[in-house]
Amino acid sequence: MSNIWLTAKASIRDRIKFVFNNDLLSDVKFIVWDTDGESRKRVIPGHKFVLSISSPVFEAMFYGDMAETGGSIELPDCEYTSLLELFRYIYSDEVFLSEGNVLGVLYLAKKYMVPSLADKCTNYLQDKLDVSNVFRILPIVEKFQEGKLVNWCWNVVDEQARDALKSDSFMTIERSLLEAIVSRDTLNIKEVDLFKAVDLWATRNCRENGSPADGGQKRRTLGEQVVKAIRFPIMKQNEFADVVLNTKILTQEEVFDISKYFNRVSRASVGFPLKERLVYLDCCRFRDFETAGSGHHYTLGKSDCLLFTVDKDIFLLGVRLCGSENHSNEYSVTISIKNLEKCSYLNSVSGIFSSVLTKLEPHSFYGFKILFADPVVIKKGVKYRIEAAISGANSCFGMNGQLSVV
């Protein structure tokens with residue numbers, strides 16, 4: 001090939017980008033599987049120097065004491081499109097993420113220690129996270145110890161548990177994740193609906209393993225930790241009779257003890273949790289959100305405040321604040337809540353937060369959630385004030401606020 005390209009590319013960035021996925025000057029070949037359609041091996045040309053100045057793993061691979069000397073390297077643990085996007089980012093600072101490749105790219109960004117690419121992957125996942133994919137994303141980000149994204153995943157599971165447990169991806173989760181789900185105190189779902197989802201999971205797993213989906217086999221498939229975490233005593237008696245008994249997952253002795261509990265014959269321990277799960281309710285006072293234009297400007301040293309009362313006792317778990325569409329913008333926030341009648345502060349929390357796309361039907365806006373370490377008891381008819389001292393970039397803002405909301 002003529003070397004005229006050297007003078008045609010004005011910057012070093014353009015020249016490095018030009019040799020991406022190009023045999024020109026390549027001194028190493030990567031052999032990976034392409035599973036898009038017909039499974040086959042494909043080759044991606046690489047340049048040791050370019051890869052090494054972007055990844056300490058590649059630097060050790062090519063220039064370390066145990067450096068690779070061969071011209072070809074086979075990578076059985078990654079897929080063609082994911083490795084191509086890793087290299088695209090290394091050569092050009094660009095990456096084309098999709099729901100099909102983002103988890104693979106995140107894996108490679110972690111493996112080859114390219115943290116800026118890992119951040120782009122987690123930001124992408126935060127924007128795309130919903131009930132349809134949360135159980136596919138959660139095990140991966142837990143494995144990679146992406147703490148913030150793990151918390152977001154569990155928030156989706158907790159707050160939208162009923163829809164999440166109906167998703168196709170729920171049916172394919174490992175039993176260890178099922179155990180973690182049913183043991184949570186914060187699932188926003190009726191206990192009978194949780195049991196239905198668990199029963200369907202067990203039925204599908206039995207059939208996939210070629211086992212009869214009878215009560216005994218389903219119980220063995222679920223394991224005692226899952227079965228014992230279901231809160232049968234807090235179901236309605238007719239739900240227990242119509243749904244649970246037909247599955248034959250419980251023993252006769254367990255059915256007898258729970259029936260006595262329902263009929264107040266005995267209040268002794270029945271071997272299952274009696275505590276109600278917390279129910280999440282989101283309360284939004286705005287009818288719409290503005291995300292374009294100059295946005296809302298936070299004034300340093302000045303607090304935003306909200307005065308409110310409630311008409312029944314509740315636990316306040318936290319607040320949501322508006323933020324910027326730009327994930328790199330961070331906000332320093334201190335939230336305090338004060339009982340105005342007693343002139344006393346009840347709780348506060350401080351931290352650094354980045355906004356993500358927040359989906360609250362029928363609204364979507366860029367913002368972030370701040371939770372108190374412990375739920376705050378809010379009493380009926382008492383006046384409270386939430387104070388938010390916020391420092392950061394301009395943000396989106398709510399419009400058409402309501403004085404009273406349900």
**Student:** Given 3.5 Å as the limit, does a donor-acceptor pair link the side chain of Ser26 with the main chain of Gly46, or not?
**Tutor:** yes
**Student:** For atom CD of Glu239, is the number of surrounding heavy atoms from other residues, nucleotides or ligands below 6.0 Å larger than 12?
**Tutor:**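 Enclosed: over 12 neighbouring heavy atoms sit under 6.0 Å from CD of Glu239.
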**Student:** What verdict does the side-chain contact (heavy atoms from CB on, under 4.5 Å) test give for Tyr331 and Ser324, after you've listed the backbone C-alpha separation in whole Å, the side-chain angles of each residue and the deciding distance to 0.1 Å?
**Tutor:** CA-CA 9 Å; Tyr331 296 86; Ser324 167; 3.1 Å; yes
**Student:** Tyr80 side chain to Thr35 main-chain N or O, any donor-acceptor pair under 3.5 Å?
**Tutor:**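 Not confirmed, Tyr80 side chain does not pair with Thr35 backbone.
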**Student:** I'd like to check Met171 versus Glu208 (side-chain heavy atoms, cut-off strictly below 4.5 Å). Are they in contact?
**Tutor:** no
**Student:** Quick one: closest heavy-atom pair of Ile173 and Trp201, and the distance?
**Tutor:** O-NE1, 3.2 Å
**Student:** Of the non-hydrogen atoms in Phe262 and Met235, which two are nearest, and what is the gap between them?
**Tutor:** CE2-O, 3.3 Å
**Student:** Would you tell me whether Tyr89 and Ser116 have side-chain atoms, one donor and one acceptor, within less than 3.5 Å of each other?
**Tutor:**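 Yes, side-chain donor-acceptor contact under 3.5 Å.
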**Student:** May I ask you to decide whether Glu159 forms a salt bridge with Arg320, counting only side-chain N to carboxylate O separations under 4.0 Å?
**Tutor:** yes
**Student:** So, taking the atom named OG in Ser132 and the one named CD1 in Ile137, what distance separates them when rounded to the nearest 0.5 Å?
**Tutor:** 8.0 Å
**Student:** Are the side chain of Asn209 and the backbone of Ser211 linked by a donor-acceptor contact shorter than 3.5 Å?
**Tutor:**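 Absent.
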**Student:** Between Arg42 and Val32, is there a donor-acceptor pair closer than 3.5 Å when you use the side chain of the first and the backbone of the second?
**Tutor:**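 Side chain of Arg42 to backbone of Val32: no pair is present.
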**Student:** Using side-chain heavy atoms (C-beta onward) and a distance below 4.5 Å, is Asn205 in contact with Arg175?
**Tutor:**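 No, every pair of side-chain atoms sits at 4.5 Å or beyond.
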**Student:** Give the C-alpha distance, both sets of side-chain angles, the deciding distance and a yes or no for side-chain contact (heavy atoms from CB on, under 4.5 Å) between Ile386 and Ile335.
**Tutor:** CA-CA 7 Å; Ile386 297 178; Ile335 295 282; 4.2 Å; yes
**Student:** Roughly how far, to the nearest 0.5 Å, is the CG atom of Leu306 from the OH atom of Tyr384?
**Tutor:**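 Reported to 0.5 Å precision, the distance equals 14.0 Å.
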**Student:** Quick check: are there more than 12 heavy atoms from other residues, nucleotides or ligands sitting under 6.0 Å from CD of Glu224?
**Tutor:** yes
**Student:** Decide yes or no on side-chain contact (heavy atoms from CB on, under 4.5 Å) for Val131 and Ser167, but give the supporting numbers first.
**Tutor:** CA-CA 7 Å; Val131 294; Ser167 68; 5.6 Å; no
**Student:** Does Asn133 reach the main-chain N or O of Asp130 with its side chain, forming a donor-acceptor pair under 3.5 Å?
**Tutor:**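 Yes, the answer is positive, given that a donor and an acceptor are paired below the 3.5 Å cut-off.
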**Student:** Contact between Thr122 and Phe144 at the side-chain level, heavy atoms closer than 4.5 Å - yes or no?
**Tutor:**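 They are not in side-chain contact.
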**Student:** For a 4.5 angstrom cut-off between non-hydrogen side-chain atoms, does Val192 reach Asp242?
**Tutor:**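 A side-chain contact is absent here, since even the closest heavy-atom pair is not under 4.5 Å.
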**Student:** Using atom types as modelled and distance alone, determine if a side-chain donor or acceptor of Ser55 lies under 3.5 Å from a backbone N or O of Leu51.
**Tutor:**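 Side chain of Ser55 to backbone of Leu51: no pair is present.
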**Student:** Would you give the length of the straight line joining atom CD1 of Ile258 to atom CD of Gln237, rounded to the nearest 0.5 angstrom?
**Tutor:**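 Here the rounded value is 11.0 Å.
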**Student:** Are side-chain heavy atoms of Leu103 and Leu125 found at a separation under 4.5 Å?
**Tutor:** yes
**Student:** Measuring only between side-chain heavy atoms, which start at C-beta, is Tyr107 closer than 4.5 Å to Ile140?
**Tutor:** no
**Student:** If the threshold is 4.0 Å, N to carboxylate O, is there a salt bridge linking Asp193 and Arg162?
**Tutor:** yes
**Student:** Rounded at 0.5 Å granularity, tell me how far CG in Asn155 sits from NZ in Lys369.
**Tutor:** 3.0 Å
**Student:** I'd like to know if the side chain of Glu146 and the backbone of Val141 have a donor-acceptor N/O pair within less than 3.5 Å.
**Tutor:** no
**Student:** Please report the shortest heavy-atom distance between Pro45 and Asn22, naming the atom on each side.
**Tutor:** CG-N, 3.5 Å
**Student:** Taking all non-hydrogen atoms of both residues into account, name the closest pair between Gly398 and Phe289 and its distance.
**Tutor:**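 Looking at all heavy atoms of both residues, the closest pair is CA-CD2, 3.8 Å.
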**Student:** Quick one: does Arg277's side chain have a donor or acceptor within less than 3.5 Å of a partner on Arg184's backbone?
**Tutor:** yes
**Student:** Report yes if the distance between the aromatic ring centroids of Phe30 and Phe87 is under 6.0 Å, otherwise no.
**Tutor:**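 Yes, they do, as the ring centres are separated by less than 6.0 Å.
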**Student:** Surrounding CD of Glu174 (heavy atoms of other residues, nucleotides or ligands, distance under 6.0 Å), is the total greater than 12?
**Tutor:** no
**Student:** Given Asp313 and Lys379, is the salt bridge (charged side-chain N to carboxylate O under 4.0 Å, His left out) satisfied, shown in steps?
**Tutor:** CA-CA 5 Å; Asp313 294 351; Lys379 306 297 289 185; 3.1 Å; yes
**Student:** Cationic tip of Lys228 within the cone over Phe272's six-membered ring, i.e. under 6.0 Å and within 45° of the normal?
**Tutor:**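 Yes.
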**Student:** Other residues, nucleotides and ligands only: do more than 12 of their heavy atoms fall within 6.0 Å of CE on Met113?
**Tutor:** no
**Student:** Would you mind telling me which of Val244, Thr247, Val243 makes a side chain to side chain contact (heavy atoms under 4.5 Å, CB included) with Lys196?
**Tutor:**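 It is Val243, the one option of Val244, Thr247, Val243 that forms the side chain to side chain contact (heavy atoms under 4.5 Å, CB included) with Lys196.
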**Student:** Are the charged groups of Asp23 and Lys29 less than 4.0 angstrom apart, N to O?
**Tutor:**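 Lys29 and Asp23: salt-bridged.
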**Student:** Give the minimum heavy-atom separation between Ser92 and Lys17, together with the two atoms involved.
**Tutor:** CB-CG, 3.8 Å
**Student:** So how far is it from Glu85 CD to Cys121 SG, rounded to the nearest 0.5 Å?
**Tutor:** 9.5 Å
**Student:** Given Glu79 and Asp34, is the side-chain contact (heavy atoms from CB on, under 4.5 Å) satisfied, shown in steps?
**Tutor:** CA-CA 6 Å; Glu79 199 270 335; Asp34 184 355; 3.4 Å; yes
**Student:** Give a yes or no on whether Arg207 atom CZ has more than 12 heavy-atom contacts from other residues, nucleotides or ligands under 6.0 Å away.
**Tutor:** no
**Student:** Name the residue from Leu149, Val134, Ile181 that meets the side chain to side chain contact (heavy atoms under 4.5 Å, CB included) definition with Trp154.
**Tutor:**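 Filter result, single survivor: Ile181.
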**Student:** Check whether any side-chain heavy atom of Asn188 lies under 4.5 Å from a side-chain heavy atom of Asp158, and answer yes or no.
**Tutor:** no
**Student:** Do Phe232 and Phe195 have ring centroids that are under 6.0 Å from one another?
**Tutor:** yes
**Student:** Look only at the side chain of Arg287 and the backbone of Gln402, and say whether a donor-acceptor pair between them is shorter than 3.5 Å.
**Tutor:**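 Answer holds: no.
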**Student:** Closest heavy-atom contact between Tyr124 and Val102?
**Tutor:** CD2-CG2, 3.7 Å
**Student:** Side-chain atoms of residues 336-343: list all donor-acceptor pairs with protein atoms under 3.5 Å, sequence neighbours left out, distances to 0.1 Å.
**Tutor:**
unit_1	atom_1	unit_2	atom_2	d
Asn339	OD1	Glu341	N	3.0
Asn339	OD1	Lys342	N	3.1

**Student:** Given the side-chain rings of Phe170 and Phe135, with only the six-membered ring counted for Trp, is the space between their centroids under 6.0 Å?
**Tutor:** yes
**Student:** I'd like to know whether CG of Asp168 has more than 12 heavy-atom contacts from other residues, nucleotides or ligands below 6.0 angstrom.
**Tutor:** no
**Student:** Measuring from atom CG of Asp214 to atom NZ of Lys248, what distance do you get when rounded to the nearest 0.5 angstrom?
**Tutor:** 9.0 Å
**Student:** I want to check something: taking the side chain as every heavy atom from C-beta on, are Asp199 and Lys218 in contact at a cut-off of under 4.5 Å?
**Tutor:** yes
**Student:** Would you indicate whether Phe372, at its atom CZ, is surrounded by more than 12 heavy atoms from other residues, nucleotides or ligands within a distance under 6.0 Å?
**Tutor:**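 Result for CZ/Phe372: enclosed.
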**Student:** For the OH atom on Tyr63, are there more than 12 heavy atoms of other groups (residues, nucleotides or ligands in this structure) within a distance under 6.0 Å?
**Tutor:**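 Buried by this count: over 12 neighbours within 6.0 Å.
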**Student:** Report yes or no: does Asp27 contribute a side-chain atom to a donor-acceptor pair with the main-chain N or O of Lys48 at less than 3.5 Å?
**Tutor:**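 Flag set: sc Asp27 to bb Lys48 pair under 3.5 Å.
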